[in-house]
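Have a look at the structure below, then the notes.
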2 protein chains.
Amino acid sequence: MQNLQKIKDKLQQYKIKPSLIRIKVLEYLNSTREHPNAEKIYKKLLKEIPTLSRTSVYNTLKLLTQKGAIKEIMIEEGEIRYDGINERHAHFKCVKCNNLYDLKLKCKSCLEETDLNKVKVMDEHIYIVGICKKCLKKGE
Amino acid sequence: MQNLQKIKDKLQQYKIKPSLIRIKVLEYLNSTREHPNAEKIYKKLLKEIPTLSRTSVYNTLKLLTQKGAIKEIMIEEGEIRYDGINERHAHFKCVKCNNLYDLKLKCKSCLEETDLNKVKVMDEHIYIVGICKKCLKKGE
DNA sequence: TGTAAAATTGTAATGATTACAAAATTGAAG
DNA sequence: CTTCAATTTTGTAATCATTACAATTTTACA
Ligand SMILES: [Mn+2]
Ligand SMILES: [Mn+2]
Ligand SMILES: [Zn+2]
Ligand SMILES: [Zn+2]
């Protein structure tokens, strides 16, 4: 399909050679908004690539992150989640169901320009922790 | 000194019984803006409390966090830093010197109210990753 | 084909955090 | 001052996601 070409193009755009695992990992991360961790990605791709190793998933995630094609999200200790959506947005982590939702940002920057114009900004992370709509309903 | 009383009051305010270790940990976190991790806090307090155990520091930090007296900051994998300053603010993490600086926020919320008025917000984290002024100068 | 570079794999190590049970301390009651 | 249960603190062992490393496989190109 032409979706494959899009993934390959994106990899090339970030100067990453398009191997099978890299394509599959990026394809998965671009197709979902669930922000999976390495283990979830491994389990998912194992169905398509039976020889896949956990190490390869970790290696690939590290590479994609370093090249800027995906983003690491660190919210809870001992678990890195990954986000393949590159548009600037914030996150909402529900402490009940553990889901991680995307949130829109209404302003370009919440920070004082005077603080920022002296430093080199490489990355920005904004997230809220709380209880989501669904879980609030469940608990009356 | 009367600083001690302030710390005790703050602990009581968050419904935490003021034991020696709790007082010392909170006192340290309220006196610094360096956002230390558990190990740094342990090393620092060991000078004053020679019988101190790492476990006690971890226990105390967990308790203070759960009660809301301090905040965990998770930016780099495998290292939780702690912040005793309760006023809402953002952070800047320098990837060169590894320092974590405080930043002022210019707006009350960067998020769409429509997204937030259906959920329960418990915590908010905003941070920038980049290279600080000092390190930029060093590298010409 | 031959071969060096790159990618992938499996196993072992790492290290911050946590679990757990024992020891010490506290504080109220007698 | 004692007693004793609750709380706090401690030391050791376990956890577990991630990383290091070396071996194997695959790729790309002459
Ligand atoms: Mn996202
Ligand atoms: Mn801070
Ligand atoms: Zn939820
Ligand atoms: Zn710096």
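Worth knowing before you read on, the calculation uses all heavy atoms, side chains too, and leaves out hydrogens, waters and symmetry mates. Numbered from 1 within each chain, the chains take letters A, B, ... in sequence-line order.
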message: Expressed as a whole number of angstroms, how long is the span from B:Met74:CE to D:dA17:C1'?
response: 14 Å
query: Between D:dT26 atom C1' and A:Arg22 atom CZ, what is the distance in whole Å?
result: 12 Å
task: Give me the residues of residues 55-67 of chain A where at least one heavy atom lies under 4.0 Å from an atom of DNA chain C, by number, or none.
output: A:Thr55, A:Ser56, A:Asn59
- prompt: Which whole-number value in Å describes the distance from B:Ile21 CD1 to C:dT26 C1'?
  reply: 14 Å
- prompt: Which nucleotide in the list D:dT8, C:dA7, C:dT17 gets nearest to the side chain of A:Glu77?
  reply: C:dT17
query: Excluding sequence neighbours, so at least two apart, what forms side-chain contact (heavy atoms from CB on, under 4.5 Å) with B:Gln13?
result: B:Lys10
query: Cation-pi between A:Lys44 and A:Tyr28: NZ/CZ under 6.0 Å from ring centre and within 45° of the ring axis?
result: yes
- line: Separation of D:dT9 atom C1' from B:Lys17 atom NZ, nearest Å, is 13 Å
- request: Identify, between B:Leu52 and A:Tyr82, the residue whose nearest nucleotide on DNA chain D lies closer to the 5' end.
  value: B:Leu52
Distance in angstrom units between A:Ile49 CD1 and C:dA7 C1', rounded: 12 Å
task: Could you check how far CD of A:Glu72 sits from C1' of D:dT19, rounded to whole Å?
output: 13 Å
field: Lys/Arg-Asp/Glu bridge criterion (N-O < 4.0 Å) met for B:Arg81, B:Glu72
entry: no
- prompt: In whole angstroms, how far is the P atom of C:dT8 from the NZ atom of A:Lys24?
  reply: 13 Å
- request: Quickly work out the A:Leu20 CG to C:dT9 C1' distance and round it to whole Å.
  value: 14 Å
- request: Keeping the roles fixed (side chain from B:His35, backbone from B:Leu100), state whether a donor-acceptor pair exists under 3.5 Å.
  value: yes
message: In terms of relative ring orientation, are A:Phe92 and A:Tyr101 parallel, tilted or perpendicular, with 30° and 60° separating the classes?
response: tilted
task: Select base, sugar-phosphate, or nothing to describe what A:Arg54 touches, counting heavy atoms under 4.0 Å on all strands.
output: nothing
task: Look at the side chain of B:Ser56 and the backbone N and O of B:Leu52, then say whether any donor-acceptor pair between them is shorter than 3.5 Å.
output: no
field: Side-chain N,O (A:Ser19) to OP1/OP2 (C:dT8) below 4.0 Å
entry: yes
- prompt: Between atom NE2 of B:His125 and atom CD1 of B:Ile73, what is the distance when rounded to the nearest 0.5 Å?
  reply: 8.0 Å
